[in-house]
Amino acid sequence: MLVLSGWTASPAGVSAGCTNHHEQSRSVDDYAHAAQLDPTNPQPLYDRGVAHVSNHQPLLAMDDFDQALKLKPDFTPALMLRGEMRLLERDQPGAKSDFDAAIAGDPSLRLRVAGAYLSAGAFQPAIDNLDVWIAHAPHNEDLAAPLGNRCWAKAVLGQDLDKAMGDCNQALGLRPGLPRAYDGRALIHLRQGDFDRAIADFDAALKLEPHTPLSIYARGLAEQRKGLKDQGDADLAAAVAMAPHIADMAKRFALTP
């Protein structure tokens with residue numbers, strides 16, 4: 001899930017894991033024993049890798065996923081988790097290779113791949129994957145979240161703003177109260193100089209998800225540009241207190257005071 005205290009993420013396929021260190025160690029030992037009993041089966045290696053992720057041991061986890069994929073190169077769960085971990089390590093080419101292989105085996109994973117890219121702040125590949133997924137979405141699929149995500153990613157990049165606005169409006173028509181769609185639409189209004197509408201949409205988004213630093217920061221920009229200096233300064237300060245590097249990240253996308 002996306003955490004806007006910085007575009008950071010945890011691998012989407014990993015659960016909360018074991019409840020204490022003893023149980024974690026026992027799980028790792030159990031999976032190691034299972035791997036010894038059936039050395040041609042990638043599943044125990046994958047399961048041990050997941051246990052290592054839950055135990056905050058990424059290097060051991062990656063080694064297990066590598067071994068599992070040597071046994072079965074098209075083992076989709078390992079491809080996805082290794083791709084997500086590579087993305088967190090800023091190895092975007094390696095992540096793309098894993099994701100492409102996973103999608104080749106299961107096209108429905110493209111939406112999860114788009115989410116992983118969004119979480120890592122890799123907006124263009126997220127848009128590329130959302131474009132394909134939306135164009136080929138199953139009949140009666142709920143498109144609200146994918147449309148809202150595509151709108152938001154384009155708004156962050158300042159790309160295709162008219163089409164992005166169409167995505168956000170369609171998403172809100174399908175699912176009123178979708179925070180990401182309000183955020184995307186607010187960013188578009190901000191970029192287009194419509195500060196009243198930007199502030200209104202940021203207010204709507206923050207009412208639903210109050211702890212979103214980028215939204216608070218961007219609302220502060222809209223307030224400053226509208227002439228509401230005190231309100232704007234307060235929002236910028238609140239966003240920086242929540243996420244100290246938010247100003248640097250916003251600057252990457254031409255969102256500056």
Polar contact flag, side-chain donor to acceptor under 3.5 angstrom, Gln57-Asn55: yes
Qualifying disulfide bond (SG atoms under 2.5 Å apart) pairs with a residue from residues 127-211, counting only residues at least two apart or across chains: Cys151-Cys168
Cation-pi geometry met for Arg180 and Trp152 (6.0 Å, 45°): yes
Asp74/Lys72 salt bridge by N-O under 4.0 Å criterion: yes
Ring pair (Phe, Tyr, Trp, His ring centres under 6.0 Å) involving Tyr182 - partner list, sequence neighbours excluded: none
Ionic contact status for Lys163 with Asp167, cut-off 4.0 Å: no
More than 12 heavy atoms from other groups under 6.0 Å of CZ on Arg197: no
Thr76 and Asp106 side chains, donor-acceptor separation under 3.5 Å: no
Pair Tyr46 and Phe75, ring centroids less than 6.0 Å apart: yes
Donor-acceptor under 3.5 Å (Ser97 side chain, Pro93 main chain): no
Polar side-chain atom of Asp91 near backbone of Leu87 as donor-acceptor pair, under 3.5 Å: no
Under 3.5 Å donor-acceptor, Arg191 side chain and Val156 backbone: yes
Of all pairs that satisfy disulfide bond (SG atoms under 2.5 Å apart), the ones with a partner from residues 54-138, not counting sequence neighbours: none
Check: Gln43/Asp47 side-chain N/O donor and acceptor closer than 3.5 Å: yes
Polar side chain donor-acceptor pair, Gln231 to Gln224, under 3.5 angstrom: no
